[in-house]
Amino acid sequence: MNLFSVEGKVALVTGASRGIGRHLAIELARWGADLVICSRNRARLQETARQIRRHARKCLIEQVDITEIDAVEQMVGRARRESGRLDILINNAGMADVRMIVDLGPEDWDRVMSANLRGAVFCARACARVMKDAGRGKILNIASISALYPEKGMAAYAASKAALVQFTRIAALEWAPDNIQVNALCPGYVVTDMNRKFLESKAGAEYVRRLIPLRRAGRPQDLTGAALFLVSSASDWVTGSTLVVDGGQSVR
Ligand SMILES: NC(=O)c1ccc[n+]([C@@H]2O[C@H](COP(=O)([O-])OP(=O)(O)OC[C@H]3O[C@@H](n4cnc5c(N)ncnc54)[C@H](OP(=O)(O)O)[C@@H]3O)[C@@H](O)[C@H]2O)c1
C-alpha cells in the first residue's frame with residue numbers, strides 16, 4: 001500500500017458534508033491523512049469530522065461557500081497556517097441542474113457555473129500557490145461523465161464539467177514545473193443526495209439496467225481506489241489526465 005500512501009499528508013476536500021466528498025475525506029483519514037473539510041453546512045461537516053477523528057486524524061472544519069473567492073482564499077490561508085502544509089486538494093463541491101435549454105434561465109446557468117467551475121478554479125489557484133512554495137502537490141477535480149458524453153437536460157451541468165476537464169489540462173501544463181499533478185475524475189451515476197430520487201425511481205432502475213453494463217449504479221466507495229491513486233505518489237507521472245469510473249456506461 002506504500003505507493004498509494006497518504007500518511008502524514010494534509011488534504012483539503014470541498015463539499016465534504018455529504019455524498020462523495022464526505023466519503024473521500026473519511027477514506028483519506030483512514031489511510032493516514034489529516035483533513036480540512038469545507039461546505040456551507042457546519043452541522044453536516046461536524047458529522048464528517050467526527051468520523052474522521054475516529055481514525056485519529058486531525059480535522060479542520062471550514063464553513064465556506066466556494067463561490068465566494070475571498071472566503072476560499074482565507075480558508076486556504078488558515079489551512080496552511082494551522083496545518084503547516086497542504087499536499088492534496090480534492091475539488092469535489094458541486095451541484096446538479098436538470099432542465100431543457102428552452103427552460104434554462106441565465107440565473108440557472110450562472111449558479112451551476114459558479115459552483116462547479118468558478119469555485120473549483122479559484123480553490124485550485126489558492127492551493128496551487130501553497131503547493132508551489134512546497135515544490136509538490138496533488139489536485140483532483142471531480143468532474144463527471146457528463147463532461148464527455150451529452151445527455152438531454154444537462155446543458156449547464158455538462159458544460160461546467162467539460163470546462164473543468166479542460167481547466168484540469170491547462171492547470172496541469174502550467175503547474176508541472178512546480179511538481180503539482182492536476183487530474184480529473186469523471187464518475188458515472190453514483191447514489192447520493194444529488195440523484196437518489198431518480199435512481200430509486202422506476203425510470204432510474206430502467207436507466208441503470210439499460211445503460212450501465214455493470215448493471216448497478218455506483219456507490220461513493222466505488223471511487224475510493226481511483227481517488228487514492230490520483231492523490232498519492234502512485235500517480236506522480238500522471239498529470240492532465242481524465243479517469244472515468246462509471247460501471248462501463250461510457251463505452252456503450
Ligand atoms: N453523484 C453522482 O452521480 C455524480 C456523478 C458525477 C459527478 N459527480 C460530482 O461529484 C461531486 C459530489 O457530488 P455528490 O453526488 O456527492 O453530491 P451531493 O451529495 O449533493 O454533495 C454535494 C456537496 O457539494 C457541496 N457544495 C455544493 N455547493 C457548494 C458551495 N457553493 N460551496 C461549498 N460546498 C458546496 C455540498 O455541501 P453543502 O450543501 O453542505 O454546502 C455537498 O457537500 C459533485 O461535483 C458532482 O457534480 C456526482
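In what follows, residues are counted from 1 in the order of the sequence shown. Keep in mind that the numbers below use all heavy atoms, side chains included, and drop hydrogens, waters and symmetry copies. Note that ligands are numbered from 1 as they come in the structure, with each ligand's atoms numbered from 1 the same way.
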[X] bridged to [Y] by N-O distance under 4.0 Å:
X      : Y      : value
Arg136 : Asp178 : no
Arg118 : Asp110 : no
Asp108 : Arg99  : yes
Glu206 : Arg209 : yes
Arg129 : Glu73  : yes

Quick one: table the atom pairs, ligand 1 N or O against protein N or O, below 3.5 Å, distance rounded to 0.1 Å.
from, atom 1, to, atom 2, distance (Å)
ligand 1, 1 (N), Val190, O, 2.9
ligand 1, 1 (N), Thr192, OG1, 3.3
ligand 1, 1 (N), Asn195, ND2, 3.4
ligand 1, 3 (O), Gly188, O, 3.4
ligand 1, 3 (O), Val190, N, 2.8
ligand 1, 3 (O), Val190, O, 3.1
ligand 1, 3 (O), Asn195, ND2, 2.8
ligand 1, 15 (O), Thr192, OG1, 2.6
ligand 1, 16 (O), Ile20, N, 2.8
ligand 1, 20 (O), Arg18, NH1, 3.0
ligand 1, 24 (O), Gly94, N, 3.4
ligand 1, 28 (N), Arg40, NH2, 3.4
ligand 1, 31 (N), Asp65, OD1, 2.9
ligand 1, 32 (N), Ile66, N, 2.9
ligand 1, 37 (O), Ser17, OG, 3.1
ligand 1, 39 (O), Arg18, NH2, 2.7
ligand 1, 39 (O), Arg40, NH2, 3.0
ligand 1, 40 (O), Ser17, OG, 2.7
ligand 1, 40 (O), Ser39, OG, 2.8
ligand 1, 41 (O), Arg40, N, 2.8
ligand 1, 41 (O), Arg40, NE, 2.7
ligand 1, 41 (O), Arg40, NH2, 3.4
ligand 1, 43 (O), Gly15, O, 3.0
ligand 1, 43 (O), Ser17, N, 3.4
ligand 1, 43 (O), Ser17, OG, 2.7
ligand 1, 45 (O), Asn92, O, 2.7
ligand 1, 45 (O), Lys161, NZ, 2.9
ligand 1, 47 (O), Tyr157, OH, 2.6
ligand 1, 47 (O), Lys161, NZ, 3.0

*Geometric class of the Tyr189/Tyr207 ring pair [parallel <30°, tilted 30-60°, perpendicular >60°]*: perpendicular
